[in-house]
2 protein chains.
Amino acid sequence: MAKSASFPKPDHDHSRCSASALRKAETICAARKVRLTDIRRDVLEIVWKSHVPVGAYDILAQLNADGGRTAPMAVYRALEFLMENGLVHRLASLNAFIGCAHLNAESGEGHHAAQFLICRACGTAAELESAPLTRALTQAVAERGFTIDSQIVEISGLCPHCAAL
Amino acid sequence: MAKSASFPKPDHDHSRCSASALRKAETICAARKVRLTDIRRDVLEIVWKSHVPVGAYDILAQLNADGGRTAPMAVYRALEFLMENGLVHRLASLNAFIGCAHLNAESGEGHHAAQFLICRACGTAAELESAPLTRALTQAVAERGFTIDSQIVEISGLCPHCAAL
DNA sequence: AGCTATAGTGTGATGTTATAACATATACAA
DNA sequence: TTGTATATGTTATAACATCACACTATAGCT
Ligand SMILES: [Zn+2]
Ligand SMILES: [Zn+2]
Ligand SMILES: [Zn+2]
Ligand SMILES: [Zn+2]
């Protein structure tokens with residue numbers, strides 16, 4: 001398995017991130033035999049416009065930028081689908097959504113546990129995949145006889161790029 | 001330092017938890033020279049009615065149960081004060097609030113980092129204080145050059161008592 | 001093609017959580 | 001007492017999320 005990616009650089013070619021994510025999403029949906037409909041694809045595309053988590057109503061506004069009349073419900077339904085299929089994550093501390101950085105067409109799994117680093121300066125959120133952290137967490141929980149269903153780990157602070165300014 | 005407390009038992013004498021928390025809160029506020037006013041105390045008392053996190057509007061309803069006219073703002077202001085002074089925590093995954101289980105009149109510190117276990121069956125939330133977890137988290141973050149401001153760790157699942165049923 | 005079951009979407013209303021803005025009151029110290 | 005900072009009251013509104021029900025499109029079958 002690849003080493004965890006570094007924090008997204010402010011000047012990286014993001015069109016590659018976006019295009020790759022969309023391509024993988026198509027593949028994954030085909031493999032899972034679920035339908036990536038227009039609205040779902042549009043929402044996913046908006047979410048992937050950057051590494052900054054975006055609110056449901058922001059997505060809505062972007063969908064309707066050209067005078068459309070999409071309702072909030074449509075956005076939430078699309079997000080629900082995308083989350084079920086592991087294509088986006090929700091950040092509880094921000095009430096916002098971000099594209100999953102660990103798409104893997106091979107894995108049959110839907111949503112997976114994720115940890116996030118969120119920069120207070122640039123707003124960028126990076127998905128963390130730390131085995132030691134997951135291990136420590138699992139262990140600490142198990143020691144207390146608790147059975148884990150789902151976890152939220154969201155760390156706010158300054159990303160290396162913003163700290164260097 | 002004491003070993004981390006176990007998950008709150010369904011049948012424990014909760015009036016002790018509550019009374020102790022309120023007493024410590026008085027002490028801490030006195031030490032910090034901040035005012036635990038009536039409304040703040042009332043809100044804290046409501047929060048401590050159980051180990052189940054409570055929503056701001058639930059608190060509001062309880063405050064107004066006798067026909068009062070307290071407004072949402074008052075509750076949010078009280079909660080803000082209580083959080084600043086480390087007396088309650090907010091659970092982002094539930095939009096709800098819970099009394100801090102690690103009150104320590106000695107420590108001059110206000111709010112501290114906390115981790116929570118939340119039972120999906122009984123709703124009880126227990127504050128976790130795991131040094132290894134904190135260490136793993138700090139390390140994983142530092143490795144990526146990220147500077148930590150605040151963290152949210154909320155783990156949902158089944159508590160030992162509910163699992164035993 | 002035509003039928004049917006299921007999944008997806010449209011629409012309007014409503015529910016829930018949180019904050020803005022400005023007026024008034026209270027505590028405390030000089 | 002009188003000023004100043006802190007706390008609260010009040011009204012409105014912002015921001016986030018879901019319900020309920022009607023309608024439409026799609027895929028699979030005959
Ligand atoms: Zn990118
Ligand atoms: Zn940054
Ligand atoms: Zn108790
Ligand atoms: Zn339980």
Side-chain angles (χ1 to χ4, degrees), chain A residues 25-26 29-47 52-64 66-85 87-98 110 123 152 154, chain B residues 25-26 29-47 52-64 66-85 87-98 110 123 152 154:
Chain A
E26 300 274 14
C29 287
R32 293 169 64 93
K33 299 199 207 312
V34 294
R35 294 167 50 205
L36 188 60
T37 61
D38 284 354
I39 191 168
R40 290 169 179 172
R41 195 174 204 286
D42 290 349
V43 168
L44 185 59
E45 211 164 332
I46 289 169
V47 163
V52 178
V54 56
Y57 278 76
D58 280 353
I59 294 170
L60 183 64
Q62 293 189 52
L63 283 174
N64 288 339
D66 59 352
R69 310 195 156 282
T70 305
M73 205 53 233
V75 174
Y76 281 104
R77 286 197 277 229
L79 288 169
E80 186 185 15
F81 169 89
L82 295 170
M83 284 191 288
E84 275 171 358
N85 289 284
L87 302 174
V88 312
H89 294 286
R90 177 169 192 275
L91 296 180
S93 60
L94 301 175
N95 294 329
F97 303 84
I98 190 166
I152 291 176
E154 296 174 21
Chain B
E26 301 274 14
C29 287
R32 293 169 64 93
K33 300 198 207 310
V34 293
R35 294 165 51 204
L36 188 59
T37 59
D38 284 354
I39 190 168
R40 290 168 178 173
R41 195 176 204 286
D42 290 349
V43 168
L44 185 58
E45 211 163 332
I46 289 169
V47 163
V52 177
V54 57
Y57 279 76
D58 281 352
I59 293 169
L60 183 63
Q62 292 189 54
L63 282 174
N64 288 339
D66 59 351
R69 311 193 155 282
T70 304
M73 208 49 236
V75 174
Y76 281 103
R77 287 197 277 231
L79 287 169
E80 187 184 14
F81 169 88
L82 295 169
M83 285 192 287
E84 276 171 356
N85 290 284
L87 302 174
V88 312
H89 294 285
R90 177 170 191 275
L91 296 180
S93 60
L94 303 174
N95 294 327
F97 302 84
I98 190 165
I152 293 176
E154 295 174 21

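Below, each value reflects all heavy atoms present in this structure, side chains not excepted, and no hydrogens, waters or symmetry copies. Lettering follows sequence order; numbering is per chain, from 1.
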Note to self: Tell me which residues in residues 88-95 of chain B lie within less than 4.0 Å of DNA chain C, going by non-hydrogen atoms.
What the structure shows: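 Heavy-atom cutoff 4.0 Å gives Arg90(B), Asn95(B).
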Margin query: Expected output is a numbered-order residue list: members of residues 55-63 of chain B with a heavy atom under 4.0 Å from any atom of DNA chain C. What is it?
Written below: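 Those residues whose heavy atoms fall under 4.0 Å from DNA chain C, taken from residues 55-63 of chain B in numerical order, are Tyr57(B).
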Tell me the closest heavy-atom pair linking [X] and [Y], and the distance in Å.
X        : Y        : result
Val88(A) : Leu79(A) : CG2-O, 4.2 Å
Ala78(B) : Val43(B) : CB-CG2, 3.8 Å
Leu44(B) : Ala25(B) : CD2-CB, 3.5 Å

Note to self: Base, sugar-phosphate or nothing for Arg35(A)? Non-hydrogen atoms, less than 4.0 Å.
What the structure shows: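 The answer is sugar-phosphate, as Arg35(A) gets under 4.0 Å only of primed atoms, P, OP1 or OP2.
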Note to self: With each end axis built from five pairs of C1' atoms, what bend angle do you get for the helix from dA1(C)-dT30(D) to dA30(C)-dT1(D)? Round to 10°.
What the structure shows: 20°
Notebook entry, point to check: Taking for each residue the nucleotide of DNA chain D with the nearest heavy atom, is it Val34(B) or Met73(A) whose nucleotide lies nearer the 5' end?
Noted result: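 The residue whose closest nucleotide sits nearer the 5' end is Val34(B).
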Item checked: Rounded interatomic separation in angstrom, taking CZ from Arg77(B) and C1' from dG9(D) -> 7 Å
Check: Do Leu36(B) and Leu82(B) come close enough that some side-chain heavy atom pair is under 4.5 Å?
Finding: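 Yes, their side chains come closer than 4.5 Å.
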Check: Would you say the side chain of Arg40(B) lies within less than 4.5 Å of the side chain of Leu87(B), judging by non-hydrogen atoms?
Finding: no
Note to self: Restricting to side-chain hydrogen bond (donor to acceptor under 3.5 Å, both in side chains), what partner residues turn up for Glu26(B), sequence neighbours left out?
What the structure shows: Arg41(B)
Item checked: DNA chain C: 5'-most and 3'-most nucleotides touching chain B, 4.0 angstrom heavy-atom criterion ->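 First and last nucleotides in contact are dT17(C) to dA27(C).
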Check: Using a heavy-atom distance cut-off of less than 4.0 Å, which residues of residues 36-45 of chain B contact DNA chain D?
Finding: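 Those residues whose heavy atoms fall under 4.0 Å from DNA chain D, taken from residues 36-45 of chain B in numerical order, are Thr37(B), Ile39(B), Arg40(B).
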